Amino acid sequence: MTTVFAFANQKGGVGKTTTVVSLAACLAEEGLRILVVDLDPQANATSSLGLSPSSLKQSIYEALLEEVSLLDVITLTKRVRLDLAPSSPALAGAEVEMVGMLARENLLRRALDGALDRYDFVLIDPPPSLGLLTLNALTAADGGVIIPVQCEYLALEGLSQLMNTVNLVQEHLNPLLKVAGIVLTMYDMRTKLSEQVAEEVRRHFPGKVFQTVIPRNIRLGEAPSYGETIMDYAPHSRGGISYRMLTKEMMTRFGIEHDQERSSISAKTEGIPQNQSSTLRTNLWARRR
Ligand SMILES: Nc1ncnc2c1ncn2[C@@H]1O[C@H](COP(=O)(O)OP(=O)(O)O)[C@@H](O)[C@H]1O
Ligand SMILES: [Mg+2]
């Protein structure tokens with residue numbers, strides 16, 4: 001069974017893309033097979049995963065609007081078990097082209113059909129708007145929507161509009177759609193404001209907000225410019241550690257099991273990145289000798 005999550009918030013710069021690529025890398029590390037779908041014409045998820053949008057022959061655009069199979073569009077990334085359906089600048093015109101199409105909100109769901117059995121999870125990164133691309137993401141999201149909320153002034157602004165959209169899609173297009181979780185991002189421990197915003201969001205959405213809060217962390221801001229996820233760029237940074245904690249919390253909340261056989265994290269070395277865990281293993285081995 002594959003679960004599809006959409007990460008939506010029509011505000012830009014709230015940490016959607018960062019959350020998608022970081023969680024994708026962490027879940028892949030847990031042995032799960034992950035597909036990231038970059039639905040944003042700005043293609044930040046694509047470049048954050050080390051691919052250059054302009055050099056790709058095909059993108060999600062062709063899978064949505066031309067008769068190209070999603071399997072022909074999907075590309076591997078540097079991370080094992082983490083594949084990407086990349087975006088391209090062509091996607092910028094997609095919403096206009098979709099308007100006249102039949103079942104235009106179902107294009108992504110249909111495109112995903114033939115690829116789902118290859119993955120445990122699909123994480124969709126839509127653009128910062130409530131247009132047709134985001135509607136396609138919500139319609140395909142049988143696992144629900146996860147909403148990243150930035151711990152800044154006016155954080156709640158726009159969320160009621162997003163909730164209306166979620167309710168409409170749930171009623172008319174995807175009965176399985178629900179708010180699967182809310183992630184507080186860019187939390188600044190030095191300010192009272194972050195704390196107040198976090199409290200307010202928790203009050204507004206009881207039971208929905210993940211306990212793990214993502215701090216404002218410079219490494220998270222730097223990683224995309226190296227085309228690396230935080231798990232490669234700075235796994236021990238506060239940003240890296242908190243996304244790993246969020247992954248664990250998500251796995252507990254949704255009953256997701258760590259894949260013992262495929263995972264690079266063995267029970268003994270849990271939470272220690274691959275290169276260090278091999279050092280650890282070598283040390284244990286040396287001591288035993
Ligand atoms: N926790 C964080 N700490 C510091 N910078 C962050 C954090 N999360 C995201 N960023 C940076 O903030 C900017 C916006 O984040 P992004 O994930 O692209 O948001 P969105 O996809 O919602 O537009 C990016 O430059 C990103 O690298
Ligand atoms: Mg983005």
Side-chain angles (χ1 to χ4, degrees), residues 5-26 36-51 53 59-60 84-89 91-92 94-95 123-131 133-134 136-138 141 145-159 161-162 181-191 193-195 197-198 201 209-247 249:
F5 290 114
F7 290 72
N9 187 331
Q10 74 273 34
K11 264 197 199 176
V14 299
K16 281 187 294 297
T17 302
T18 306
T19 300
V20 167
V21 300
S22 306
L23 283 178
C26 292
V36 167
V37 177
D38 189 352
L39 264 198
D40 187 347
Q42 290 187 49
N44 292 337
T46 300
S47 49
S48 298
L49 287 169
L51 287 127
S59 71
I60 189 74
L84 169 72
S87 167
S88 72
L91 202 58
E95 291 195 332
L123 311 184
I124 310 173
D125 185 20
S129 73
L130 292 176
L133 286 168
T134 298
N136 266 272
L138 295 175
V145 57
I146 294 180
I147 308 172
V149 172
Q150 190 183 1
C151 295
E152 289 290 345
Y153 186 55
L154 298 180
L156 284 167
E157 193 199 43
L159 283 190
Q161 203 187 351
L162 175 60
I182 295 179
V183 185
L184 296 169
T185 65
M186 299 190 218
Y187 189 96
D188 188 343
M189 282 195 280
R190 294 163 308 179
T191 69
L193 179 66
S194 274
E195 196 184 316
V197 171
V201 177
V209 184
F210 288 106
Q211 215 54 50
T212 311
V213 167
I214 308 301
R216 191 171 273 290
N217 176 250
I218 193 137
R219 298 282 177 251
L220 284 170
E222 289 168 353
S225 57
Y226 294 89
E228 288 186 341
T229 72
I230 193 69
M231 291 305 128
D232 289 305
Y233 180 67
H236 296 301
S237 60
R238 288 199 310 125
I241 292 166
S242 45
Y243 272 114
R244 199 177 287 123
M245 283 169 61
L246 179 64
T247 304
E249 191 183 346

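Just so you know, residue 1 is the first one in the sequence shown, and it goes up from there. Counting starts at 1 for both ligands and their atoms, in listed order. Nothing here was measured: the structure is a model prediction, and the numbers come from that model.
Here the protein heavy atom with the shortest distance to atom 4 (C) of ligand 1 is N217 O, 3.2 Å. Scanning all protein heavy atoms for the shortest distance to atom 19 (O) of ligand 1 gives G15 N, 3.0 Å. Summary of contacts: the protein heavy atom closest to atom 11 (C) of ligand 1 is G221 CA, 4.3 Å. In terms of protein heavy-atom proximity, atom 26 (C) of ligand 1 is nearest to T18 OG1, 3.8 Å. Ranking the protein heavy atoms by distance from atom 18 (O) of ligand 1 puts T17 CB, 3.9 Å first.
The nearest protein heavy atom to atom 16 (P) of ligand 1 is closer than 4.0 Å. Within the 4.0 Å cut-off (strictly below), a protein heavy atom is located near atom 2 (C) of ligand 1.
Put simply, the side chain of K16 gets close to the backbone of K11: a donor and an acceptor are under 3.5 Å apart. Side chain of S22 to backbone of T19: no donor-acceptor contact under 3.5 angstrom is found. With E95 contributing its side chain and L133 its backbone, the two residues share a donor-acceptor pair below 3.5 Å. Judged by distance alone, the side chain of E249 and the main-chain N or O of T212 form a donor-acceptor pair under 3.5 Å.
Atom OG1 of residue T134 and atom CG of residue L39 lie 7.5 Å apart, to the nearest 0.5 angstrom. Considering CG of L184 and OG of S194, their distance stands at 9.0 Å, rounded to 0.5 Å. Put simply, CZ on F210 and CG on L246 are 6.0 Å apart, with the number rounded to the nearest 0.5 Å. We find the CD1-CG distance between I146 and N9 to be 13.0 Å, quoted to the nearest 0.5 Å. The distance from atom OG1 of T229 to atom CG of D232, rounded to the nearest 0.5 Å, is 4.5 Å. How far CZ of R216 is from CD of Q150: 6.0 Å, rounded to the nearest 0.5 Å.
If you number the atoms of ligand 1 from 1 as listed, the ones under 4.0 Å from a heavy atom of V14 come out as 19 (O), 20 (P), 22 (O). Interface atoms of ligand 1 facing P215, defined by a heavy-atom separation under 4.0 Å, are 1 (N), 2 (C), 3 (N). Set against the non-hydrogen atoms of G13, the atoms of ligand 1 under 4.0 Å away are 14 (C), 19 (O), 20 (P), 22 (O), 23 (O).
Counting heavy atoms under 4.0 Å from ligand 1, residue I214 touches it through the side chain alone.
A donor atom on one side chain and an acceptor atom on the other are found under 3.5 Å apart for D125 and T17.
Contact of the R244 side chain with the M231 side chain is registered, since non-hydrogen atoms from C-beta on lie closer than 4.5 Å. Using a 4.5 Å heavy-atom threshold, the side chains of R219 and I230 count as touching.
Listed by chain and number, T17 OG1 are the protein N/O/S atoms closer than 2.8 Å to the Mg ion (ligand 2), with waters left out.
Inclusion of D125 in the set of residues having an N or O under 3.5 Å from an N or O of ligand 1 is not warranted. Backbone and side-chain nitrogen or oxygen atoms of K16 are examined, and one is located within less than 3.5 angstrom of a nitrogen or oxygen of ligand 1. Between R216 and ligand 1, a contact under 3.5 Å exists for no N or O pair.
Around CG of L156, the count of heavy atoms belonging to other residues, nucleotides or ligands within 6.0 Å exceeds 12.
The shortest separation from a heavy atom of G239 to ligand 1 is not under 4.0 Å, leaving the residue out of contact.
The heavy atom nearest to atom 12 (O) of ligand 1, out of those in Q10, R238, M186, is found in M186.
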